[in-house]
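One structure is given here, and the rest of the page talks about it.
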2 protein chains.
Amino acid sequence: MDGPSSPIAPSGRADAGVGTPWLDADEQRAWRAYVRMQGLLAARLNRELQLESGLSLADYDVLVQLTDTPEARLRPFELQHELQWEQSRLSHHLARMRRRGLVEREECSEDGRGAFVVLTEKGRQAITAAAPGHVGVVRRFFFDGLTREEVAMLERLTTRILDRLSDADAETQGDVG
Amino acid sequence: MDGPSSPIAPSGRADAGVGTPWLDADEQRAWRAYVRMQGLLAARLNRELQLESGLSLADYDVLVQLTDTPEARLRPFELQHELQWEQSRLSHHLARMRRRGLVEREECSEDGRGAFVVLTEKGRQAITAAAPGHVGVVRRFFFDGLTREEVAMLERLTTRILDRLSDADAETQGDVG
DNA sequence: GCGGAATAGATGATGCGTCATGTACGTTGA
DNA sequence: TCAACGTACATGACGCATCATCTATTCCGC
């Protein structure tokens, strides 16, 4: 739970000649601010959530996905797709959550390899108890500081970056040029 | 290296009555996009940096701070202030970097408790080799997707959130409020 | 049907981040 | 001058994330 790098280039490099892709002064400042913001924000959200409910952000995300599903159960690979997590991260995390009684494992008759992750009553109570506080923290630290135009722009902007990241993944996978 | 939570509220809660601080639909979308973006971006930056140079983002940040200083050495608490890291995280991380030969420890004559963290030649070579590629990745995935206005707005916006986070810290510390 | 590939998921090793706690040194004030 | 307090830093335990690797099953072409 930390974040991308801060000052980006060593020894005050900024706006160097063509060929080297350094950032200019505006970009440097923006990058530093972004990086620091996301690091502190994530740390704060994690800490508050942990203190108030004993859940980590990762737990929270998994539980939300499960409650958003009719039967409160999902195949791990579906969960993986929703959360965009690495497979082994999910596997390890589900194992830990199972140990804590937040979810259960259920065999899958249709596919002998697979399984279902099922929300337990304890899991449901945990997410129900945690959600209002967590949303409140997000609102207090994030949205209360932004105008509606900024929120809209933020969505456009982050979505665009997201597309670039996905495109790069697709290229690496599918061997397109 | 992951990120804040994704869908924020369980079971499609959005725009509920007053009292409960749920997010409305716009905020939900913006939050989801932001969270996913920062998670994937951080993962990507970390992975590329690791592959190309064997450094983590955390290593990179420490090394940049050191190279930005005249004597390439800093007191841990200075580093801590620059990076905004928890003290024990820094301590652990410096220990690991020392084991790998990226930094050295030097006793501090002025303050018997303290020490200096000194950049080694190996550390300098590592950061020098890593920087262009890393900056390139940041540019490719992030800044190339943004207009200058967006960069400017992003800086304003993140700086504002940052202030809110700092204010909250100050309140918790100094018992104001 | 069978052999090879793809898919679903688990696991061990290792580095990282946080919390709680410990230790040593400095500072301050009665 | 010395006790109380604050500061600088280290450490152990533990949960988390990633990488490499492993197993079991299904799919697909022949």
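In what follows, every chain begins at residue 1, and chains take the letters A, B, ... in the order their sequences are listed.
Between the side chains of B:His92 and B:Arg89, not a single donor N or O lies within less than 3.5 Å of an accepting N or O. If you check the side chains of B:Asp163 and B:Ser166, you find no donor sitting under 3.5 Å from an acceptor.
Atom-to-atom, CG of B:Leu74 to C1' of D:dC9 comes out at 15 Å; the value is rounded to the nearest Å. Taking atom CD of A:Gln50 as the reference point, atom C1' of D:dC16 lies 11 Å away to the nearest angstrom. For the pair B:Arg75 CZ and C:dG26 C1', the interatomic distance rounds to 11 Å; values are reported in whole Å. In this structure, the CD atom of B:Gln80 is 14 Å from the C1' atom of C:dG17, given to the nearest Å. Rounded to whole Å, atom P of D:dA10 lies 11 Å from atom CG of B:Leu79. In this structure, A:Asn46 atom CG and D:dC14 atom C1' are separated by 15 Å, rounded to whole Å. What separates CG of A:Leu90 from P of D:dT18 is a distance of 11 Å, to the nearest Å. Here D:dG15 presents its P atom at 15 Å from CG of A:Leu55, a figure rounded to the nearest Å.
In terms of phosphate contacts, A:Arg47 brings no side-chain nitrogen or oxygen within less than 4.0 Å of OP1 or OP2 of C:dG17.
Pairing each heavy atom of B:Leu57 with each of B:Asn46, the nearest pair is N-OD1, 3.5 Å. Across A:Leu162 and B:Met37, no two heavy atoms sit closer than the pair CD1-CA, 3.5 Å.
Tracing side-chain contacts under 4.5 Å through hydrophobic residues (I, L, V, M, F, W, Y), one reaches A:Val151 starting from A:Met153; they form part of the same cluster.
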Take B:Asp59 and B:His93 through the side chain to side chain contact (heavy atoms under 4.5 Å, CB included) test and state the conclusion after the steps. CA-CA 8 Å; B:Asp59 298 332; B:His93 202 88; 2.6 Å; yes
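Exactly one residue among A:Arg73, A:Arg98, A:Arg75 makes a salt bridge (Lys or Arg N to Asp or Glu O under 4.0 Å) with A:Glu106. That residue is A:Arg73.
Atom-to-atom distance recorded for B:Arg44:CZ and A:Leu165:CG is 6.5 Å, nearest 0.5 angstrom.
Judged by closest nucleotide on DNA chain D, B:Pro76 is the one of B:Pro76 and A:Glu86 placed further toward the 5' end.
One donor-acceptor pair, N or O on each side, does fall under 3.5 Å between the base of D:dC19 and the side chain of A:Ser88.
Residues from residues 93-108 of chain B lying near DNA chain C, meaning a heavy-atom separation below 4.0 Å, are B:His93, B:Arg96 in numerical order.
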Could you go through nucleotides 21-26 of chain D and list every protein N or O atom that sits under 3.5 Å from one of its N or O atoms, giving the distance for each pair?
{"unit_1": "D:dT26", "atom_1": "OP1", "unit_2": "A:Gly112", "atom_2": "N", "d": "3.0"}

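Nearest nucleotide to the A:Phe77 side chain, out of C:dT18, C:dG9, C:dT11: C:dG9.
A salt bridge links B:Arg139 with A:Glu27; the closest basic N to acidic carboxylate O contact falls under 4.0 Å.
Residue ring and base: A:His92 does not count as stacked with D:dC16 (centre distance below 5.5 Å and interplanar angle below 30° not both satisfied).
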